[in-house]
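Working notes for the structure below.
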Amino acid sequence: MKKVQQILAILGIILLVGLYLSTLILAILGKSFFPMFMAALFASMALPILLWLYGFIYKWVKKNAKQNQDF
């Protein structure tokens, strides 16, 4: 399980770095790429929040399932 988490963490880091680089490049390219820039900017903010939220909910559900098993 720990190996899978490490692989997913590395993939997440690569994805975020790619989003940050694409946002920077699209910002430099100019006005004609503005819609793609806004999409990349939104994704670079929303993705870390969603990843944190999914992890939080997973831990919460796992904890509740374990508590229900004890009864």
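Predicted model, so just to flag it, every value in this text is computed and none were measured.
Within the 4.5 Å cutoff, the side chain of Lys59 has no heavy atoms near those of the Lys62 side chain. Ile14 has its side chain within reach of Ile10: a pair of non-hydrogen atoms, C-beta onward, lies under 4.5 Å apart.
For Trp60, the ring-ring contact (aromatic ring centres under 6.0 Å, His included) criterion is met by no residue, not counting sequence neighbours.
If you take CG on Leu11 and CG on Leu15, they are separated by 8.5 Å, rounding to the nearest 0.5 Å.
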Would you mind writing out the side-chain donor-acceptor pairs for residues 33-52 within the sub-3.5 Å range, not counting sequence neighbours?
unit_1	atom_1	unit_2	atom_2	d
Ser44	OG	Ala40	O	3.2
Ser44	OG	Leu41	O	2.9

